[in-house]
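One structure is given here, and the rest of the page talks about it.
The shown structure was predicted, so the numbers you read here are calculated from the model rather than taken from an experiment. In the text below, chain A, chain B and the rest are named by the order of the sequence lines, each starting its count at 1.
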Number of protein chains: 2
Amino acid sequence: MLDVAARLFREQGYGSVSLRKIAQVGGIKAGSIYYHFGSKDEIVLSILDAGIKAVHAEMRRAVLSQAADASAEVILRAAITAHLRALLDVSDYSSANVRIFGQVPQSVRDANLPTRRSYEAEWDSLLARLQVGGALKQNVDVRHLRLMLIGALNATLEWFDPARGSVEALAETYADVFVHGILEKQDV
Amino acid sequence: MLDVAARLFREQGYGSVSLRKIAQVGGIKAGSIYYHFGSKDEIVLSILDAGIKAVHAEMRRAVLSQAADASAEVILRAAITAHLRALLDVSDYSSANVRIFGQVPQSVRDANLPTRRSYEAEWDSLLARLQVGGALKQNVDVRHLRLMLIGALNATLEWFDPARGSVEALAETYADVFVHGILEKQDV
DNA sequence: CGCCATACCTAACAAGTGTTAGTTATGTGT
DNA sequence: ACACATAACTAACACTTGTTAGGTATGGCG
């Protein structure tokens with residue numbers, strides 16, 4: 001049932017998906033939903049939390065599975081790829097989260113915040129580690145970089161089309177920009 | 001009246017803003033709105049279009065006002081700053097656009113597309129120019145870069161807080177990443 | 001003054017929303 | 001066979017939504 005709801009939210013956004021619509025696609029009647037859940041907010045919150053946890057797990061796994069002597073660039077690429085894969089490939093929950101977070105009632109957003117913060121902290125600690133190691137430039141602010149990274153990655157949801165290229169290729173493209181920048185190196 | 005609507009849409013999103021709410025804040029009654037507009041969709045579309053046109057104008061002006069011999073980096077920084085300024089500082093219409101585009105009915109989104117495409121084309125032509133000039137790396141795909149750039153910039157709307165730093169400083173931070181990347185240069 | 005367009009108001013409409021109470025079918029364990 | 005939990009259904013509720021029809025002030029112009 002949650003699967004159905006997550007898919008609908010991802011496809012149509014929060015406002016256009018009523019309980020009756022979810023119920024219909026799930027093959028039951030609207031009232032019956034209240035046997036499984038206490039309210040619409042509860043459903044939405046479940047989906048939001050599950051969405052973050054899915055990306056979080058994917059990203060954490062990707063980072064941890066790197067060799068001990070892996071370079072900062074390799075680790076970063078793995079994390080970016082994992083995030084994008086969860087978002088665009090694996091999980092309706094993750095994509096639903098990104099799509100509808102800005103549309104749900106404030107109370108639901110607040111309830112989702114702790115889970116969200118936990119994922120953000122994972123990124124912050126990764127980036128801080130790379131910075132202490134000397135690979136990441138000392139003058140970049142970790143919080144800003146994390147916001148920029150996740151923001152840029154999440155935005156792909158709005159236009160990504162698997163027919164035009166793989167998630168992995170897209171991840172490499174994005175990583176290239178973040179790692180090396182887009183301008184030709186000048187002889188200063 | 002449109003000003004009021006744009007502000008409410010920016011603040012609360014599409015779904016939570018009813019005609020009655022707009023009317024109330026505007027100091028009239030709901031029915032009276034139909035003297036000025038034909039439908040809610042018409043209002044929303046006006047705001048969406050005006051939003052894009054505002055960023056477009058700001059960005060174009062910023063680029064055109066650069067000296068003829070300005071470097072690619074300087075031009076790029078000006079464009080980025082202009083986009084962010086329109087979004088975070090100047091125009092409720094621009095911010096409303098970014099915030100609610102994904103929430104409005106498909107028909108409204110479609111109607112807004114031409115205006116949107118025109119702005120995208122402006123970026124594409126700028127980036128293509130820089131690439132032909134040799135400043136922008138030859139192997140970056142202009143379309144992808146534009147999607148990434150605008151996506152990253154638009155995402156700032158969700159968290160930017162003027163109390164924590166100026167728009168201009170943020171623009172420089174973002175430009176730094178795009179131009180030079182985030183990793184320390186290595187001796188290969 | 002009367003005429004008329006402008007700008008608003010009131011009151012209702014049909015449709016859709018989340019939610020609840022009470023009821024019914026379906027199997028499982030004793 | 002009976003009891004019981006599970007999982008559904010029906011039908012209604014109170015409310016909000018975009019929208020419309022018809023009425024009412026206001027003020028400028030001949």
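- Geometrically, K40(A) does not engage Y34(A) in a cation-pi contact defined by less than 6.0 Å to the ring centre and at most 45° from the axis.
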| What string of B, S and - do you get for nucleotides 7-22 of chain C, 5' to 3', when a contact is any protein heavy atom under 4.0 Å? | BSBB-B----BBBB--
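- Between its opening and closing five pairs, the helix from dC1(C)-dG30(D) to dT30(C)-dA1(D) changes axis direction by 10°, a value rounded to 10 degrees.
- Between H83(B) and Y119(B), a ring centre-to-centre spacing shorter than 6.0 Å is recorded.
- Inter-residue side-chain proximity for P105(A) and D41(A) is flagged as met; some heavy-atom pair is nearer than 4.5 Å.
- Ring to ring, H56(A) and W123(A) are not that close: their centroids are 6.0 angstrom or more apart.
- Going from atom OG1 of T173(B) over to atom NE2 of H144(A) covers 6.0 Å, rounded to the nearest 0.5 Å.
- Under the 3.5 Å distance criterion, the side-chain polar atoms of S118(B) are left unmatched by any main-chain donor or acceptor of P114(B).
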| said: D49(B) vs Y93(B), test: side chain to side chain donor-acceptor pair (under 3.5 Å). Steps then yes/no. | reply: CA-CA 8 Å; D49(B) 281 348; Y93(B) 292 84; over 6 Å; no
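- Residues L127(A) and L136(A) come closest through the heavy atom pair O-CD2, 3.4 Å.
- Under a 4.0 Å N-O distance rule, the pair R85(A)/E168(A) qualifies as a salt bridge.
- For N97(A) against R116(A), the heavy-atom pair with the smallest separation is OD1-NH2, 2.6 Å.
- Taking the 5' to 3' direction, DNA chain D first and last meets chain B under 4.0 angstrom from a heavy atom at dT17(D) to dT20(D).
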